[in-house]
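Every heavy atom of this structure was used, including side-chain atoms; hydrogens, water molecules and symmetry mates were not. Chain letters run A, B, ... following the sequence lines, proteins first, then strands; residues in each count from 1. All values derive from a computational prediction rather than experimental measurement.
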Number of protein chains: 2
Amino acid sequence: MANDQHGQDDGVWLYCSNSAIRRAARRLGQLYDGAMESTGLKGTQFSLMTQIRRAAEPTLKELAEAMVMDLSALGHTLKPLIRDGLVELFPDPRDRRAKRVRLTPEGLARQQEMLGLWQQAQERFDAALGTKQSQELRRTLAFISSQEFAESFRHLEARDT
Amino acid sequence: MANDQHGQDDGVWLYCSNSAIRRAARRLGQLYDGAMESTGLKGTQFSLMTQIRRAAEPTLKELAEAMVMDLSALGHTLKPLIRDGLVELFPDPRDRRAKRVRLTPEGLARQQEMLGLWQQAQERFDAALGTKQSQELRRTLAFISSQEFAESFRHLEARDT
DNA sequence: CATATATAGTGGTATATGCCACTAAATTCA
DNA sequence: TGAATTTAGTGGCATATACCACTATATATG
């Protein structure tokens, strides 16, 4: 309210989807991390472990794609989990370039333990935002995360000058 | 399609708002960073500089709150910009604990230079997602970023066991 | 088959972000 | 006023994330 004197920049503030999604992601990270605090793991680590479990021994490449994450970023992110014995890598027998990922028994136990906390956090999220809006949001975010969206965005590049 | 055998975890994958927003934020970061690549600065840095400009010499605390960012994280994030002479800190004359932030002349020039690239990126985003959905998304993200949302979420804590 | 090219991962470097412990300064309160 | 408390920032450490250069392996091609 006190800072409207720069109209040209308010446009960015209000309309920049990239800024907006980052702000919201920071907020949500704080809230979810708080909810999972007692487990000593972060929301991001829970997501990663959950996807590893879900994806049945994916290669690093496959996992990175599913997470919409750079392959090397994934490698770095996995290191603490490997160090702590929650996740392990093993070579793909058919392709010696590839490595596959799985939860260790302890990793699986921790993931299951976190599931309850996650569910509580998710219920609180839905309650705070409203179930309908929450569903709508996830649909939109899933589309933005898709390869299809990235291609649309990139193909618009040539004609927007 | 090939990975539905873990029904209990598909729930997390599909419904976890925290995972979903991070995936989308990573994707969007890639796309916006690509659009601003020629300036040598990232989308996050553009957002930060824009908010600094908009907020008329805020204290670090005020800026951190506006960015929904931890104060110390803000301090770290500002360092490259200060090092490169785009942003400067100066003491608040009334409160010697506080420091205020502003763009340097060069910082202002860079921010203005990036504005055009940002606008192109934002137009591509709106075109790829649809104007209506895009507006709706920003409204929702703004609410999630709000203090009010954080309080709602936290107040639900006591009763969700 | 031998070489050219494409693919999967790793390690380095840089930014992004958060928590904690600590310092300095302001404010409160006995 | 002087001690206790609160507030603003800093620095250290840890995770999150990206890009680049490099290695090893696989595939394609002449």
Peer 1: How about B:R54 and B:Q51: does a side-chain donor come under 3.5 Å of a side-chain acceptor?
Peer 2: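 Side-chain D/A pair, B:R54 to B:Q51: present.
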
Peer 1: Should we say atom CD of B:E113 is surrounded by more than 12 heavy atoms from elsewhere, each under 6.0 Å from it?
Peer 2: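 Counting neighbours around CD of B:E113, more than 12 heavy atoms of other residues, nucleotides or ligands fall under 6.0 Å, so yes.
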
Peer 1: Without decimals, in angstroms, what is the distance between A:D70 CG and D:dA21 P?
Peer 2: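 Value for this atom pair: 14 Å.
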
Peer 1: Got a donor-acceptor contact below 3.5 angstrom from the B:Q122 side chain to the A:S17 backbone?
Peer 2: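 Confirmed, B:Q122 side chain pairs with A:S17 backbone.
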
Peer 1: Nearest heavy atom decides the nucleotide; on that basis, is A:L71 or A:R26 closer to the 5' end of DNA chain C?
Peer 2: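 The residue closer to the strand's 5' end, by nearest nucleotide, is A:L71.
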
Peer 1: Please work out which residues in residues 81-88 of chain B have a non-hydrogen atom less than 4.0 Å from an atom of DNA chain D and list them by number.
Peer 2: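 Correct list: empty, so none.
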
Peer 1: In whole angstrom, what separates A:H76's NE2 from D:dC20's P?
Peer 2: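 Taking atom P of D:dC20 as the reference, NE2 of A:H76 is at 13 Å.
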
Peer 1: Do we see a donor-acceptor contact under 3.5 Å between the side chains of A:T140 and B:Q133?
Peer 2: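 Note: A:T140 and B:Q133 side chains meet the donor-acceptor criterion.
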
Peer 1: I want to verify a distance call: between D:dA18, D:dG11, D:dG9, whose nearest atom is closest to the A:S72 side chain?
Peer 2: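 For A:S72, the side-chain atoms sit closest to D:dA18.
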
Peer 1: Please determine if a side-chain N or O atom of B:R97 lies less than 4.0 Å away from the OP1 or OP2 oxygen of D:dT10.
Peer 2: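 So the side-chain polar atoms of B:R97 never come under 4.0 Å of the phosphate oxygens OP1 or OP2 of D:dT10.
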
Peer 1: Can you check the B:E65 CD to D:dT7 C1' distance for me, whole Å?
Peer 2: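 Nearest whole value for this atom pair: 12 Å.
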
Peer 1: In whole Å, I'd like the distance from the NZ atom of B:K79 to the P atom of D:dC13.
Peer 2: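 It works out to 13 Å between those atoms.
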
Peer 1: Using the ring-ring contact (aromatic ring centres under 6.0 Å, His included) definition, which of the options A:F153, A:F149, A:F143 pairs with B:F125?
Peer 2: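 The residue from A:F153, A:F149, A:F143 that satisfies ring-ring contact (aromatic ring centres under 6.0 Å, His included) with B:F125 turns out to be A:F149.
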
Peer 1: If you assign each of A:P80 and A:L74 to its closest nucleotide in DNA chain D, which residue comes earlier from the 5' end?
Peer 2: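 Taking each residue's closest nucleotide, the earlier one in sequence belongs to A:P80.
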
Peer 1: Does B:Q30 have a side-chain nitrogen or oxygen under 4.0 Å from the phosphate oxygens OP1 or OP2 of D:dA18?
Peer 2: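 Answer yes for this pair, as a side-chain N or O of B:Q30 is under 4.0 Å from OP1 or OP2.
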
Peer 1: Which nucleotide of DNA chain C is the first, and which the last, in the 5' to 3' direction, to come under 4.0 Å of a heavy atom belonging to chain B?
Peer 2: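 The protein-touched segment is C:dT15 to C:dA26.
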
Peer 1: Tell me the interatomic distance from A:L78, atom CG, to D:dA14, atom P, rounded to whole angstroms.
Peer 2: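 Answer to the nearest Å: 19 Å.
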
Peer 1: Name the closest nucleotide to the A:T77 side chain, picking from D:dA18, D:dG11, D:dT17.
Peer 2: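 Within the option list, the nearest is D:dT17.
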
Peer 1: Quick one: salt bridge (charged side-chain N to carboxylate O under 4.0 Å, His left out) pairs with a partner in residues 58-73 of chain A, sequence neighbours left out?
Peer 2: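 Of all non-adjacent pairs touching residues 58-73 of chain A, those that pass salt bridge (charged side-chain N to carboxylate O under 4.0 Å, His left out) are A:K61-A:E65, A:E62-A:R100.
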
Peer 1: Over all strands shown, is B:L60 touching base, sugar-phosphate only, or nothing at heavy-atom distances under 4.0 angstrom?
Peer 2: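 Sugar-phosphate contact only.
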
Peer 1: Over how many whole Å does the gap from A:D92 atom CG to D:dT25 atom P extend?
Peer 2: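 Between P of D:dT25 and CG of A:D92: 14 Å.
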
Peer 1: Mind calculating the distance between CZ (A:R94) and P (D:dT27) to the nearest angstrom?
Peer 2: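 Value for this atom pair: 12 Å.
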
Peer 1: Give, for atom CG of B:L48 and atom CG of B:L103, the distance between the pair rounded to the nearest 0.5 Å.
Peer 2: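 B:L48 CG to B:L103 CG: 9.0 Å, rounded to 0.5 Å.
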
Peer 1: Between A:R96 (CZ) and D:dT27 (C1'), how many Å, whole number?
Peer 2: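 Result: 14 Å.
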
Peer 1: Under 3.5 Å, is there a donor-acceptor pair linking the side chains of A:D126 and A:S134?
Peer 2: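 Checked: A:D126/A:S134 side chains pair up, N/O donor to acceptor below 3.5 Å.
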
Peer 1: How about B:R53 and B:L108: do any of their side-chain heavy atoms sit closer than 4.5 Å?
Peer 2: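 Contact flag for B:R53/B:L108 side chains = yes.
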
Peer 1: Check whether any side-chain heavy atom of B:R110 sits under 4.5 Å from a side-chain heavy atom of B:M49, and report yes or no.
Peer 2: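 Yes; the side chains approach each other to less than 4.5 Å.
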
